[in-house]
Every structure is written in structure tokens, then in C-alpha cells.
Amino acid sequence: MPMSQPKAPEILAVVRDYLEGTILPELRDDKWFNVKVAINLLATLERELRLGPEADRAEAARLAALTGSAASLDELNRKLAADIRSGAIGSDDPALLDHLRRSIADALRINNPAWLTR
């Protein structure tokens, strides 16, 4: 991808800030709600662009260690599911539980980081 400035997350932040600071205060009822939903979606997309690649790399590394395989993230997740179903990896395996906790925390950091502080 060519180097361009500003980067996508910065563009999303500017649009989100404009909607939240300038447009949203002027709206009421369903228009306010719909713009608020759009603002939240932009924030999620911004976090996904910033945090997603590292979360995917970390998940793939954990899955490779758990399954003893080298493959794409989707293939590693399918392998993990198959290994759990077959009993090759126990559902109480500490490494599995650690992986699941870390994966859920990474997903929450992207989807709704406020849930991590509750």
C-alpha cells in the first residue's frame, strides 16, 4: 500500500470527532441515535485498524504453539476446534484457557474497551 498521510485511523478519528462534536449536538431523537451508532462504528473501525494486526499476530502465535501447526489464522482456529473436539487439547488445558482469555481481551479492546474496565 502506498504511503499516504494521514493514515486511515487518523481520518476516521477526524470524521468521528466532527460528527460527535459538531453534528450530534444539533440532532434529536432517531437522527441523534443513528448518528451516535455511526460514531460508535467509526470508533470500532479505528480501533480495529490500530490494534487488529497485532492482535491477529499474537493470536496466530498462540495458536501455532497450542496446535503445533503453522498455517493461516483461520486454519489455525479450525485446527484448534478440531483438536478440542477430538480431545487432543483438553478444555481445561491452561494454555488453551490463557489463549482464550487473551483473545477475548484483544477482541474487547477493539469492540468495546469499556467492557474491560467493568
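Values below: every heavy atom of this structure, side chains too, minus hydrogens, waters and symmetry copies.
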To the nearest 0.5 Å, what is the distance between [atom1] on [X] and [atom2] on [Y]?
{"X": "Arg78", "Y": "Leu73", "atom1": "CZ", "atom2": "CG", "value": "9.5 Å"}
{"X": "Glu48", "Y": "Thr44", "atom1": "CD", "atom2": "OG1", "value": "8.5 Å"}
{"X": "Glu46", "Y": "Ile11", "atom1": "CD", "atom2": "CD1", "value": "11.0 Å"}
{"X": "Asp17", "Y": "Leu24", "atom1": "CG", "atom2": "CG", "value": "12.0 Å"}
{"X": "Leu63", "Y": "Leu96", "atom1": "CG", "atom2": "CG", "value": "9.5 Å"}

- Message: side chain to side chain contact (heavy atoms under 4.5 Å, CB included), that's the test. Do Phe33 and Asp29 meet it? Break it down for me.
- Response: CA-CA 6 Å; Phe33 176 79; Asp29 302 323; over 6 Å; no
Heavy-atom closest contact ([X] atom, [Y] atom, distance):
{"X": "Leu49", "Y": "Ala8", "result": "CD1-CB, 3.8 Å"}
{"X": "Ala95", "Y": "Asp93", "result": "N-OD1, 2.7 Å"}
{"X": "Leu66", "Y": "Ile89", "result": "O-CD1, 3.6 Å"}

- Are more than 12 heavy atoms from other residues, nucleotides or ligands located less than 6.0 Å from atom CD of Glu20? yes
- Could you walk me through whether Ile84 and Leu80 pass the side chain to side chain contact (heavy atoms under 4.5 Å, CB included) test, one step at a time? CA-CA 6 Å; Ile84 293 169; Leu80 177 63; 3.9 Å; yes
- Message: Counting C-beta onward and ignoring hydrogens, is there a side-chain heavy-atom pair between Tyr18 and Val14 closer than 4.5 Å?
- Response: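 Heavy-atom side-chain distance check fails, nothing below 4.5 Å.
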- Query: Do Leu76 and Glu59 touch side chain to side chain, with heavy atoms closer than 4.5 Å?
  - Reply: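 Sidechains of Glu59 and Leu76: no contact.
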- With sequence neighbours left out, what residues match Glu10 under salt bridge (charged side-chain N to carboxylate O under 4.0 Å, His left out)? Arg50
- Message: The criterion is side-chain contact (heavy atoms from CB on, under 4.5 Å); which residues satisfy it with Ala58, sequence neighbours excluded?
- Response: Glu54, Arg62
- Would you confirm whether Asp98, through its side chain, and Pro94, through its main-chain N or O, come within 3.5 Å as a donor-acceptor pair? no
- Query: Backbone N or O of Asp83 within a donor-acceptor pair of the Ser86 side chain at under 3.5 Å?
  - Reply: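 It does hold such a pair.
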- Query: When hydrophobic residues are tied together by side-chain contacts of less than 4.5 Å, even through go-betweens, does Leu12 share a cluster with Leu51?
  - Reply: no
Side-chain donor-acceptor pairs under 3.5 Å in residues 107-116, sequence neighbours left out?
{"from": "Arg109", "atom 1": "NH1", "to": "Ala105", "atom 2": "O", "distance (Å)": "3.3"}
{"from": "Arg109", "atom 1": "NH1", "to": "Asp106", "atom 2": "OD1", "distance (Å)": "2.8"}
{"from": "Asn111", "atom 1": "ND2", "to": "Ala107", "atom 2": "O", "distance (Å)": "3.0"}
{"from": "Asn112", "atom 1": "OD1", "to": "Ala114", "atom 2": "N", "distance (Å)": "3.2"}

